[in-house]
Amino acid sequence: MKNSEVADILYGIADMLEMQNIQFKPNAYRKAARSVEESSHDVNEIYQSKGKAGLKDKFSGVGNAISEKIEEFLTTGKLRYYEELKKKFPKHISELMEISSLGPKRIKLLHEKLKISNVKQLEAAARKHKIAKLATLGKKTEEEILKGIEMFKRGQERMFLGHALPIALEIENKIKKFKDVEASSICGSIRRRKETIGDIDILASSAKPDKVMSFFTKLPGVKRVLAKGSTKASVLLKNDLQIDLRVVESSSYGAALQYFTGSKEHNIAVRELAIRKKLKINEYGVYKGKKKIAGKTEKEVYKKLGMDYVEPELRENRGEIEASLKRKLPNIVSCNNIKGDFHAHTKFSDGSDSIEEMVAAAKKLGYEYIAITDHSKSLRVAHGLSEQKMLEHIKKIKVIDKKTKGIKVLAGSEIEILPNGELDYSDSLLKKFDIVVGAVHSRFKSSKEEMTSRILTALENPYIDILAHPTGRRIGKREPYEVDLKKVFEKAAKNKVYLEINSHPERTDLNDINAFEAKKHGCKFVIDTDAHSTSGLDYINLGVAIARRAWLTQKDIVNTSSAKQLSKLFKRIK
DNA sequence: GCCGTTTTCGGCCCGACTGTTTTCAGTCG
């Protein structure tokens, strides 16, 4: 049973309780659901080892009643309480909850008056204008519901951070340049660098919010204005991406930045902390009674609450608030700490640029070293190199290294970890590489036992330096393969094999939660781009973002070391 | 249903926008 399945049931209970007009319980269930969903602890493992007490201890918002329900669900696969509730409500209730502009109250009304229990019936009723005739709903609401259905059918897939970030920057840049805007920033999940994002949030400060609102809602590319008030507006772009803009005056800019960056869980916890300190916090500032005592900068907002500044990537209510209060937040790694890249391809396998071009691009980024790591022979789809060709390739890389000034060029390969756990080249060839990057690209559907033993065997190989993209996932395309990560982390730490955080927008693998967990086992990391062209090297910021979200510091990341230090970190680099 | 540096009982994050209401409920983030 996965954490997400437990969370889904708790969310479902919350929705049904809300429809019965029950106070407070829905939020209690949602809080518990979120904490299970977002946790790095496996709910099953916690229950197996520490029972109900463990559940209460590890998941905030889980108390006696909810821990018992989780226990029942984990041990029997069913939850009687949930089944009983479901009898009273439409079967596809969760489906209806996903329609924008519909919440528990309206769903209950629609179910009672029109016997609507799924999206299909909802659409039919709307088209026949039955909804507009209901008390408290009307023509406009009916239209909104139809638009919501349209969006639902298209599927509101979340977008990769790597794809959303440039779009967000472009829009934010236009807003920043508008004459009545004093300051602006991207907020929300993009500022926190979540791996996927749902919409783009932008904050601006201005003394003339109305003008900014008009400018924003008339930007080229806007398909539809979803909402427009005096300080807040939402638009839908032609590519169906939603952008929310909030405008405040400069004395509130910091408080608004804090509020609008989230996460929701972080903000709720911060506000609860404020209440305990007899303060009030909202998007305009921190208040003691009626007096505003902070708001201009984020730093002073946190300071008034007795906290150190919290980097946006840490704001997920995963312990950062407690750490901040104790002055124990980590000094997380940043892009300018990165001194090189250990994973890059050229046109000798499946890349599109030459070795020289990749090296020049790395040099331009200010790197001290780059490893050229084309694919090994078994990965035929990526034109993996035969032993003979790889030997020539290594020679070529060494020649280029000699004649290139200002950057060290390392000879490496992304080598297949074969199904039996062996590496794809003979030992006599392996010993010629500066860097050996091991990776799995086949038989993704193997059992957990097979995959785990395959990778553990590879981690025992004396030549492997780095384990690339350790879970093999492609966001939205391929689920991570089944593998016992705990065992992988233990072995990698013991044998000093570095775990890769892959910066490719569709991979970002390890993810933040895995990396956080791996550090606890004593693992060290490399942040690589897996670039297949010179422009691919620029994605390093996405890998760094994961590392930051995983609380990793410069010390945890091997490629923050200078070129001179590499001989101490790798067996075959002199 | 959860939780505690005011509390083991009595609170529970907070404000903007929309529609349909003539004073506010529902939804959203």
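Protein chains get the first letters and strands the later ones, always in sequence-line order, with residue 1 at the start of each.
Spacing between atom CG of A/Leu273 and atom C1' of B/dG4 amounts to 14 Å, rounded to whole angstrom units. Atom CZ in A/Arg276 sits about 8 Å away from atom P in B/dG4, given to the nearest Å. With rounding to whole Å, A/Leu17 atom CG is found 12 Å from B/dC2 atom P. Rounding to whole angstrom units, NZ of residue A/Lys56 and P of B/dG1 are separated by 14 Å. What separates CD of A/Glu18 from C1' of B/dC28 is a distance of 12 Å, to the nearest Å. Distance NZ (A/Lys278) to C1' (B/dT7): 12 Å, rounded to an integer number of Å. As rounded to whole Å, 7 Å separates atom P of B/dC2 from atom CG of A/Asn64. At whole-Å resolution of the value, CD1 in A/Ile243 and P in B/dG29 are 14 Å apart.
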How does each nucleotide of nucleotides 12-19 of chain B score, in 5' to 3' order, for protein heavy atoms under 4.0 Å: base (B), sugar-phosphate only (S), or none (-)?
BBBSSSSS
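Across all strands, A/Lys25 comes closer than 4.0 Å to base atoms (heavy-atom distances). At the heavy-atom level, A/Lys277 lies nowhere under 4.0 Å from the strands shown.
Residues passing the side chain to side chain donor-acceptor pair (under 3.5 Å) test with A/Glu170: none are found, sequence neighbours excluded. In this view, A/Tyr287 satisfies the ring-ring contact (aromatic ring centres under 6.0 Å, His included) rule with no residue, not counting sequence neighbours.
The list of salt bridge (charged side-chain N to carboxylate O under 4.0 Å, His left out) pairs with a residue in residues 194-204 of chain A, not counting sequence neighbours, reads A/Glu195-A/Arg473.
Where A/Val62 and A/Asp201 meet DNA chain B, the nucleotide closest to each residue was compared, and A/Val62 sits on the side nearer the 5' end.
Nucleotides B/dG10 and B/dA16 place their C1' atoms 29 Å apart, quoted to the nearest Å. B/dC12 and B/dT7 are spaced 13 Å apart, taking the C1' atom of each and rounding to whole Å. Across the C1' atoms, B/dC2 and B/dT8 are found 12 Å apart, a figure rounded to whole Å. A gap of 14 Å separates the P atoms of B/dT20 and B/dG26, to the nearest Å. Taking atom C1' on both nucleotides, B/dC13 is separated from B/dG19 by 25 Å, rounded to a whole Å. The C1' atoms of B/dC28 and B/dT22 are separated by 24 Å, rounded to the nearest whole Å.
The partner of B/dG29, taking Watson-Crick or G-U wobble pairs whose two distances both stay under 3.5 Å, is B/dC14.
Here the straight-line distance linking atom CG of A/Asn337 with atom CD1 of A/Ile557 works out to 9.0 Å at 0.5 Å rounding. Of the inter-residue distances, the one linking A/Glu298 atom CD with A/Gln258 atom CD reads 6.5 Å to the nearest 0.5 angstrom.
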Review item, side-chain donor-acceptor pairs of residues 61-69 of chain A, under 3.5 Å, at least two apart:
residue : atom : partner : partner atom : Å
A/Asn64 : OD1  : A/Lys56 : NZ           : 2.5
A/Ser67 : OG   : A/Gly63 : O            : 2.8
A/Ser67 : OG   : A/Asn64 : O            : 3.0
A/Lys69 : NZ   : A/Tyr29 : OH           : 3.3

Side-chain polar contacts of residues 74-81 of chain A - donor-acceptor pairs under 3.5 angstrom, sequence neighbours left out - could you list them?
residue : atom : partner : partner atom : Å
A/Thr75 : OG1  : A/Glu71 : O            : 2.7
A/Thr75 : OG1  : A/Glu72 : O            : 3.4
A/Thr76 : OG1  : A/Glu72 : O            : 2.7
A/Thr76 : OG1  : A/Lys78 : N            : 3.1
A/Thr76 : OG1  : A/Lys78 : O            : 2.9
A/Arg80 : NE   : A/Glu72 : OE2          : 3.1
A/Arg80 : NH2  : A/Glu72 : OE1          : 3.3

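A salt bridge does not link A/Lys120 to A/Glu123: none of the charged nitrogens lies less than 4.0 Å from a carboxylate oxygen.
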